Amino acid sequence: MSDPNKEFDGIRQGDNPLPEWWKWVFLGCVIFAGIYAVYFHGFSNWGTGAYYAAQIEDYEKEFPNKNVKIESNDGSNPFRGNQGAISAGQKTFQTYCVACHGPTGEGLVGPNLMDKEWLHGNTDLELYETVMKGVPMERTKLGRGPMPPHENSLGSEKVYQVLAWLASKNLELKPSK
Ligand code: HEC
């Protein structure tokens, strides 16, 4: 009986050596893998750690200090008159508020924010509460729809920026009572 490793079902194993070129390619792969592993773990920033850190950085650029509370004693907006905050706030308004309050804040579904009439108060503190917490349907004055809360989507810093922009446009918005 012949060796089953050499012949099976009429198929014969040749036991030829691997071709020279194949061995060199194999050796090349092993060397490359070694160098690559050292480079990847030791010197590159291609790992998931760096990628994750970059993602966090991007996120924080978009939603800076999401949960940080900016305390001011009388509830007035600390960003009043701050040009950087005002222009950042205008951009945020264009993204998050125009759909309901219109491109210049003159009102659509939501009320006009540029006039003298205020449904939920005209101080920084009252507006801050309105924008952060929103106005649920049962508390709306107009009944045209709720004002959504922005405490999670924008956070305090961005809300104060929007209100700084609003205060620069509408002088009826007072720092405090
Ligand atoms: C989905 C629509 C919608 C979006 C988006 C929205 N609002 Fe409103 N907002 C409303 C409605 C509706 C009211 C009025 C609620 C009522 O009838 O009492 C309101 C009320 C307000 C008030 C109170 C106005 C007053 O007269 O007292 C302020 C201030 C305000 N919104 C600011 C904002 C800001 C700033 C943003 C963006 C960050 C925003 N809103 C996004 C719908 C919206």
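Remember, predicted model here, so these are calculated numbers, not experimental data. Just so you know, ligand 1 is whichever comes first in the structure, and atom 1 is the first atom listed for that ligand.
- Annotation: V135 places no N or O atom under 3.5 Å from an N or O atom of ligand 1; distance criterion only.
- In this structure, the protein non-hydrogen atom closest to atom 38 (C) of ligand 1 is C97 SG, 2.6 Å.
- V109 and R144 make their closest contact through O-NE, 2.9 Å (heavy atoms, listed as atom of the first residue, atom of the second, distance).
- Judged by distance alone, the side chains of Q90 and S87 never bring a donor and an acceptor atom under 3.5 Å apart.
- If you number the atoms of ligand 1 from 1 as listed, the ones under 4.0 Å from a heavy atom of V162 come out as 35 (C).
- Taking a 4.0 Å cut-off on heavy atoms, R144 fails to register as neighbouring ligand 1.
- Residue, atom and distance of the protein heavy atom nearest to atom 14 (C) of ligand 1 are P111 CD, 3.4 Å.
- Given atom 43 (C) of ligand 1, the protein heavy atom at minimum distance is C100 CB, 3.3 Å.
- By the rule that hydrophobic residues join a cluster once side-chain heavy atoms approach within less than 4.5 Å of another member, I35 and F32 end up as members of separate clusters.
- The closest approach between any non-hydrogen atom of L154 and ligand 1 is below 4.0 Å.
- Contact detail for T123 and S176: the closest heavy-atom pair is CG2-C, 3.9 Å.
- Residue G145 approaches ligand 1 through these ligand atoms, each under 4.0 Å from one of its heavy atoms: 12 (C).
- Shortest non-hydrogen contact noted between N122 and E126 is N-OE1, 3.2 Å.
- Neither the backbone nor the side chain of V159 comes within contact range of ligand 1; no heavy atom lies under 4.0 Å.
- Residue-level proximity to ligand 1 for A99 is absent, since no heavy atom of it falls below 4.0 angstrom.
- Ligand 1 has an N or O atom lying under 3.5 Å from an N or O atom of K141, backbone or side chain.
- Protein heavy atom nearest atom 5 (C) of ligand 1, with residue, atom name and distance: Y96 O, 3.4 Å.
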Residues Y96, V162; criterion side-chain contact (heavy atoms from CB on, under 4.5 Å); working and verdict: CA-CA 10 Å; Y96 287 88; V162 173; over 6 Å; no
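- Of the protein's non-hydrogen atoms, L113 CD2, 3.6 Å is the one closest to atom 28 (C) of ligand 1.
- Vertex atom 8 (Fe) of ligand 1, arms ending at NE2 of H101 and SD of M147: the angle is 180° after rounding to 10 degrees.
- Minimum interatomic distance between W165 and M114 (heavy atoms only, all atoms of both residues): CH2-CE, 3.7 Å.
- Within ligand 1, counting atoms from 1 as listed, the ones closer than 4.0 Å to a heavy atom of H120 are 16 (C), 18 (O), 25 (C), 27 (O).
- Near L127, with a cut-off below 4.0 Å to any heavy atom, the atoms of ligand 1 are 29 (C).
- Listed by number with element, the atoms of ligand 1 under 4.0 Å from a non-hydrogen atom of E117 are 26 (O).
- Under a hydrophobic-cluster definition in which Ile, Leu, Val, Met, Phe, Trp and Tyr are linked whenever side-chain heavy atoms come within less than 4.5 Å, directly or via other members, L125 and V159 are assigned to different clusters.
- Scanning all protein heavy atoms for the shortest distance to atom 23 (C) of ligand 1 gives T130 CG2, 3.8 Å.
- Not one N or O of W118 is nearer than 3.5 Å to an N or O of ligand 1, by distance alone.
- Between G102 and F93, the shortest heavy-atom distance links the atoms O-CE2, 3.6 Å.
- Aromatic rings of W46 and Y39 (six-membered ring for Trp) have centroids within the 6.0 Å cut-off, being under it.
- Closest protein heavy atom to atom 25 (C) of ligand 1: L119 N, 3.2 Å.
- The number of heavy-atom neighbours closer than 6.0 Å to OH of Y51, taken from other residues, nucleotides and ligands shown, is 12 or below.
- Among protein heavy atoms, the minimum distance from atom 17 (O) of ligand 1 is reached at L142 N, 2.8 Å.
- Heavy-atom proximity to T140, at under 4.0 Å, picks out these atoms of ligand 1: 15 (C), 16 (C), 17 (O), 18 (O).
- Cluster membership check: F40 shares its hydrophobic cluster with F43, using side-chain heavy-atom separations under 4.5 Å among Ile, Leu, Val, Met, Phe, Trp and Tyr.
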side-chain contact (heavy atoms from CB on, under 4.5 Å) assessment of Y160 paired with D124: CA-CA 9 Å; Y160 274 130; D124 280 352; 5.8 Å; no
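- Here is the list of ligand 1 atoms found below 4.0 Å of a heavy atom in G110: 10 (C), 11 (C), 12 (C).
- The two residues R139 and G134 have their closest heavy-atom pair at NH2-O, 3.8 Å.
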